[in-house]
> 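My structure is below; once you've seen it, I'll send some questions.
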Amino acid sequence: MGEAREVMDRLTDALTTHPDLKVIAELYAEDAVAVTPDEGEIHGREDIVEYWRQMTEAVPNARFESLHSYEAGDTAIDEGVFSGRNTGPIQLPTGETLPATQKEISIRGVDIATVRDGRITDYRLYFDEMEFLGQLGLLPDETP
């Protein structure tokens, strides 16, 4: 196992099994860039950690089931299912906060992390945001 795979596995553990914002911060380079479906481009360790803080508070007992994991040079790629119950507030990009829905979610996604000198410098997260919002019950009902 190479450095990228080890760092990605540590990140997954710090986001799910053993939530720890300090570990998450240690895994990102100070000038890291992350791209997510819900927040777009996030610049810098502090803002990336804040993104993960909001997610770990919204779904504090999250689980990750790995479906595929790869490593190519300095990049680790995971495909899996992120699941859990929304028991914490949901932060919206507008700055508004929604109360917890208490609904279970199960979202398939892909994470890609490029690692240099033991830290993530570039991180990309892909998941279906509409599916996520629908499972939370936050989409308007469609009427025929």
Side-chain angles (χ1 to χ4, degrees), residues 1-140:
M1 172 171 41
E3 181 179 59
R5 177 81 264 144
E6 179 199 345
V7 169
M8 180 72 99
D9 290 346
R10 288 179 58 210
L11 176 64
T12 300
D13 184 68
L15 290 169
T16 57
T17 310
H18 303 101
D20 190 329
L21 292 175
K22 185 176 178 186
V23 170
I24 293 167
E26 291 170 357
L27 294 173
Y28 280 93
E30 192 172 320
D31 61 349
V33 175
V35 179
T36 70
D38 49 343
E39 290 291 325
E41 220 171 88
I42 306 168
H43 294 268
R45 175 191 300 144
E46 287 183 26
D47 289 343
I48 294 169
V49 171
E50 175 60 16
Y51 173 82
W52 288 126
R53 183 196 64 74
Q54 293 173 13
M55 183 63 78
T56 58
E57 284 184 5
V59 186
N61 295 311
R63 299 170 303 284
F64 183 77
E65 176 192 353
S66 178
L67 301 174
H68 300 282
S69 63
Y70 307 96
E71 184 176 44
D74 63 358
T75 301
I77 305 165
D78 282 343
E79 177 186 2
V81 178
F82 177 86
S83 59
R85 179 178 298 275
N86 170 227
T87 58
I90 300 166
Q91 300 287 323
L92 300 177
T94 62
E96 295 175 84
T97 301
L98 296 175
T101 65
Q102 303 302 321
K103 295 188 184 255
E104 288 285 334
I105 60 155
S106 180
I107 305 296
R108 188 177 188 133
V110 173
D111 301 77
I112 303 169
T114 300
V115 175
R116 289 196 181 80
D117 299 323
R119 297 188 194 268
I120 299 168
T121 58
D122 184 75
Y123 178 83
R124 300 191 180 268
L125 173 62
Y126 299 94
F127 65 88
D128 185 334
E129 189 174 7
M130 294 300 282
E131 180 182 11
F132 178 62
L133 294 172
Q135 288 182 23
L136 290 171
L138 299 176
L139 295 179

> Could you tell me whether Arg53 and Asp47 have a side-chain N and a carboxylate O separated by less than 4.0 Å?
no
> With distance as the sole test, does Thr17 use its side chain to make a donor-acceptor pair with the main-chain N or O of Asp13 at under 3.5 Å?
no
> Please name the residue in the list Leu125, Leu15, Thr12 that meets the side chain to side chain contact (heavy atoms under 4.5 Å, CB included) test with Asp111.
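Exactly one candidate clears the test, Leu125.
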> What distance do Arg5 atom CZ and Ile77 atom CD1 have between them, rounded to the nearest 0.5 Å?
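Output value for this atom pair is 9.0 Å.
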> For side chain to side chain contact (heavy atoms under 4.5 Å, CB included), just list the numbers for Arg108 and Leu67, CA-CA rounded to whole Å, side-chain angles, deciding distance to a tenth of an Å, and then say yes or no.
CA-CA 9 Å; Arg108 188 177 188 133; Leu67 301 174; 3.4 Å; yes
> Under 3.5 Å, side chain of Arg119 to main-chain N/O of Glu26, donor-acceptor pair present?
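The answer is yes, because a donor-acceptor pair under 3.5 Å joins these two groups.
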> So, for Glu71 and Gly2, which heavy atoms are closest and what is the spacing to 0.1 Å?
OE1-N, 3.0 Å
> At their closest point, which heavy atom of Pro19 faces which heavy atom of Pro60, and how far apart are they?
CG-O, 4.0 Å
> Would you give the length of the straight line joining atom CD of Gln91 to atom CD of Glu57, rounded to the nearest 0.5 angstrom?
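Spacing of CD (Gln91) from CD (Glu57) equals 7.5 Å.
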> Is the shortest heavy-atom distance from the side chain of Ile24 to the side chain of Leu21 under 4.5 Å?
yes
> How far does CD of Glu39 sit from CE of Met55, to the nearest 0.5 angstrom?
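Reported to 0.5 Å precision, the distance equals 9.0 Å.
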> Would you find a donor on one side and an acceptor on the other, under 3.5 Å apart, between the side chain of Glu3 and the backbone of Gly118?
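Side chain of Glu3 to backbone of Gly118, a donor-acceptor pair under 3.5 Å: yes, one is there.
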> Of all the heavy-atom pairs spanning Thr16 and Ala62, show the shortest one and how long it is.
CB-O, 3.4 Å
> Would you confirm whether Asn86, through its side chain, and Gly88, through its main-chain N or O, come within 3.5 Å as a donor-acceptor pair?
yes
> Do the non-hydrogen side-chain atoms of Phe127 and Phe132 ever get within less than 4.5 Å of each other?
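A side-chain contact under 4.5 Å exists here.
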> Looking only at heavy atoms, what is the nearest atom pair of Ile90 and Ala58, with distance?
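Scanning both residues, the minimum pair turns out to be CG1-CB, 4.5 Å.
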> Using only atom types and a distance under 3.5 Å, with no angle test, would you say the side chain of Arg45 pairs donor to acceptor with the backbone of Ala25?
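Looks like yes, one N/O pair under 3.5 Å.
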> Is there a donor-acceptor pair closer than 3.5 Å between any side-chain N or O of Asp74 and the backbone N or O of Thr114?
no
> Quick one: CD1 on Ile120 to CE on Met8, what's the gap to the nearest 0.5 Å?
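So the gap between those two atoms works out to 6.5 Å.
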> Contact between Val110 and Glu79 at the side-chain level, heavy atoms closer than 4.5 Å - yes or no?
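Side chain of Val110 against side chain of Glu79, heavy atoms only: contact under 4.5 Å found.
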> Under the 3.5 angstrom rule, does the side chain of Glu104 hit a backbone N or O of Ser83 as a donor-acceptor pair?
no
> Between Gly73 and Ala4, which heavy-atom pair has the shortest distance, and what is it?
O-CB, 4.2 Å
> Under a 4.5 Å cut-off applied to non-hydrogen side-chain atoms, are Leu136 and Ile105 in contact?
yes
> A quick test of your reading: do over 12 heavy atoms of other residues, nucleotides or ligands sit less than 6.0 Å from CD of Glu46?
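Count not over threshold, so no.
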> Tell me whether Arg85 contacts the main-chain N or O of Gln102 through its side chain, where contact means a donor paired with an acceptor under 3.5 Å.
yes
> For the residue pair Tyr123 and Tyr51, establish whether any side-chain heavy-atom pair is separated by less than 4.5 Å.
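Answer no - side chains too far apart.
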> Distance check, rounded to the nearest 0.5 Å: Thr36 atom OG1 versus Ile42 atom CD1?
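Result: 4.5 Å between the selected atoms.
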